[in-house]
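Report on the following structure.
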2 protein chains.
Amino acid sequence: MREGPEIARIAALVADPVRSAMLLALMDGRALTATELASVGGITKQTASSHLAKLVESEVLVADAQGRHRYFRLAGSHVAALLEALMVFSSDAVPPLRTGPKDLTLRKARICYDHLAGEKGVMLYDRMLEEGWLGRDLDVTDKGWTKLAVLGLQQGDLPSSNRPLCRACLDWSQRRHHLAGRLGKAVLDRILAVSWARRLPASRVIVFHPEGERRFGEWLR
Amino acid sequence: MREGPEIARIAALVADPVRSAMLLALMDGRALTATELASVGGITKQTASSHLAKLVESEVLVADAQGRHRYFRLAGSHVAALLEALMVFSSDAVPPLRTGPKDLTLRKARICYDHLAGEKGVMLYDRMLEEGWLGRDLDVTDKGWTKLAVLGLQQGDLPSSNRPLCRACLDWSQRRHHLAGRLGKAVLDRILAVSWARRLPASRVIVFHPEGERRFGEWLR
DNA sequence: CTCATGGTTCGACGCTAATCGAACCATCCC
DNA sequence: GGGATGGTTCGATTAGCGTCGAACCATGAG
């Protein structure tokens with residue numbers, strides 16, 4: 001009676017149909033707003049707010065405040081593992097949800113302020129973390145500097161300023177983080193400089209050349 | 001809203017503190033009676049009966065009726081996986097529960113009707129399944145007959161009768177299945193015949209000789 | 001500044017489900 | 001057979017929580 005309550009408390013969070021629908025919608029790693037999640041659950045935003053507060057409080061979700069929006073995502077892979085363990089009991093698919101731009105080129109790669117966003121930007125950020133180019137605090141590791149040197153980026157080349165070197169920026173089409181900060185800008189600059197990709201005039205679209213896309217992928221291993 | 005309910009339904013079963021305590025008590029693979037589980041949950045047997053009916057209905061638990069007792073155990077490893085996924089959120093230990101005979105020799109190995117029970121019996125049964133001596137329907141495989149031949153058991157030696165060749169019998173100290181049926185009897189007979197162990201006079205205790213215990217373990221790989 | 005929109009807080013309502021007492025059925029032991 | 005024990009069913013009570021309306025705060029656009 002003393003050991004059960006804790007797992008029961010977590011299970012209770014998933015036990016509500018609305019909350020479980022919200023969690024399933026986040027299974028692919030995206031981050032959604034409170035209003036979108038309310039729509040997913042088919043409830044009003046007051047109720048959604050109450051649900052989300054509970055999930056954040058118990059660290060099942062984490063929230064990123066961005067302007068007047070709050071983006072919610074799963075707190076980690078252990079949450080996804082829990083949901084998968086539940087799905088075993090009755091095979092479910094993750095629910096589709098149209099979101100973001102229709103324009104496929106925009107979705108694939110584009111400029112976000114001054115750095116790379118879209119699928120390619122998310123891929124860059126994910127790999128840098130996976131491969132250990134970045135540490136947990138978003139500090140660049142020795143391995144990271146070695147790989148960045150391949151692109152022609154030296155540690156001394158990056159002007160120091162108030163702006164952080166690395167920052168995680170939330171992507172509005174992918175709804176996942178990508179690399180921002182001074183390094184984010186520098187990497188995009190180099191990618192354009194070595195002609196792996198080019199920027200369409202008067203547009204935010206970044207177009208990778210076939211050969212450049214291949215090299216980009218190789219560079220990330 | 002159509003995909004969430006199913007996982008919510010399962011989560012709701014674990015969400016009750018009493019039910020989760022019951023499930024945790026079964027995490028080690030034992031089977032417990034309804035009354036014992038009522039005690040684990042600190043509730044009356046009526047309430048426990050209601051909880052257990054729900055868990056069986058949803059195939060989270062399975063029940064073995066044995067005389068006037070009903071033994072409940074987890075329906076499979078996927079249930080244990082679910083509980084483990086929940087325990088990640090707050091490290092819990094599996095609760096201890098004293099059960100069964102105090103007598104250590106009885107607990108280790110004894111005769112159950114005419115076959116081997118206790119730790120050694122459970123070990124025999126588990127290994128036969130793990131190593132593929134027995135198929136899913138408790139049929140003896142070719143590999144099984146090969147290994148049984150080492151003990152001097154030929155397929156033709158086992159007299160055919162109404163009694164099933166292999167049966168899973170629930171152990172009252174280990175609370176887990178062990179091998180019964182004609183094969184269960186035959187194996188115990190051979191173990192005694194080759195003097196790996198002997199039966200204490202006027203007792204159900206089976207005592208393994210040190211050398212016999214070693215060979216028994218080797219035989220099971 | 002004003003309006004629109006995203007999000008939260010508060011309070012009241014209503015439904016679901018856990019709980020136990022009482023009665024009942026089944027099995028085992030003597 | 002009769003008594004004891006394990007387990008289930010039924011019904012009534014109670015408590016918790018999901019829900020939404022209404023009001024409120026914060027941010028962004030014009």
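Any value given below was found using the heavy atoms of this structure, including those in side chains, with hydrogens, waters and symmetry copies removed.
- Applying the salt bridge (charged side-chain N to carboxylate O under 4.0 Å, His left out) rule to A:Glu213 yields the partners A:Lys108, A:Lys120; only residues at least two apart in sequence or on another chain are considered.
- Under the side chain to side chain contact (heavy atoms under 4.5 Å, CB included) rule, B:Leu37 has a single partner from B:Val18, B:Ile43, B:Leu23, B:Leu52, which is B:Leu52.
- When rounded to the nearest whole Å, the span between CG of A:Leu52 and C1' of C:dG6 equals 13 Å.
- One interatomic measurement links the two molecules: CG of A:Leu32 to P of C:dG6, which rounds to 15 Å at whole-angstrom precision.
- Of the side-chain N and O atoms in B:Arg70, none sit less than 4.0 angstrom from OP1 or OP2 of C:dA26.
- Remark on DNA chain C: of its neighbouring residues B:Arg19 and A:Ala34, the 5'-side contact belongs to A:Ala34, judged by nearest-heavy-atom nucleotide.
- C:dT16 atom P lies 17 Å from atom CG of B:Asp16, rounded to whole Å.
- Think of the region where chain A sits on DNA chain D: with heavy atoms and a 4.0 Å cut, that region ends 5' and 3' at D:dG18 to D:dG28.
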**Q.** CA sep, side-chain torsions, deciding dist, call: A:Leu148, A:Val187, side-chain contact (heavy atoms from CB on, under 4.5 Å)
**A.** CA-CA 8 Å; A:Leu148 288 169; A:Val187 169; 4.1 Å; yes
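- A:Phe89 places none of its side-chain heavy atoms less than 4.5 Å from the side chain of B:Glu6.
- Spacing between atom CZ of A:Arg68 and atom P of C:dG6 amounts to 6 Å, rounded to whole angstrom units.
- Classification of the A:Trp196-A:Phe216 ring pair by plane angle, with boundaries at 30° and 60°, yields perpendicular.
- Listed by chain and residue number, nothing satisfies the ring-ring contact (aromatic ring centres under 6.0 Å, His included) test with B:His209 (two or more places apart in sequence, or in another chain).
- You'll find the side chain of A:Glu131 stays beyond 4.5 Å of the side chain of A:Leu220, heavy atoms only.
- Each end of the helix from C:dC1-D:dG30 to C:dC30-D:dG1 yields a helix axis from five base pairs, and these two axes differ in direction by 30° (to the nearest 10 degrees).
- For the salt bridge (charged side-chain N to carboxylate O under 4.0 Å, His left out) test, no residue two or more places apart in sequence or in another chain qualifies with A:Glu59.
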Q: Apply side-chain contact (heavy atoms from CB on, under 4.5 Å) to the pair A:Leu61 and A:Val79, showing each step before the final yes or no.
A: CA-CA 8 Å; A:Leu61 294 184; A:Val79 179; 5.8 Å; no
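- Only A:Ile43, A:Thr44, A:Gln46, A:Thr47, A:His51, listed by number, bring a heavy atom of residues 43-51 of chain A to less than 4.0 angstrom from any atom of DNA chain D.
- Although no hydrogens or angles enter the test, the distance criterion places a donor-acceptor pair under 3.5 Å between the side chain of A:Thr141 and the main chain of A:Trp133.
- Using modelled atom types, one side-chain atom of B:Arg19 and one backbone atom of B:Ala12 make a donor-acceptor pair closer than 3.5 Å.
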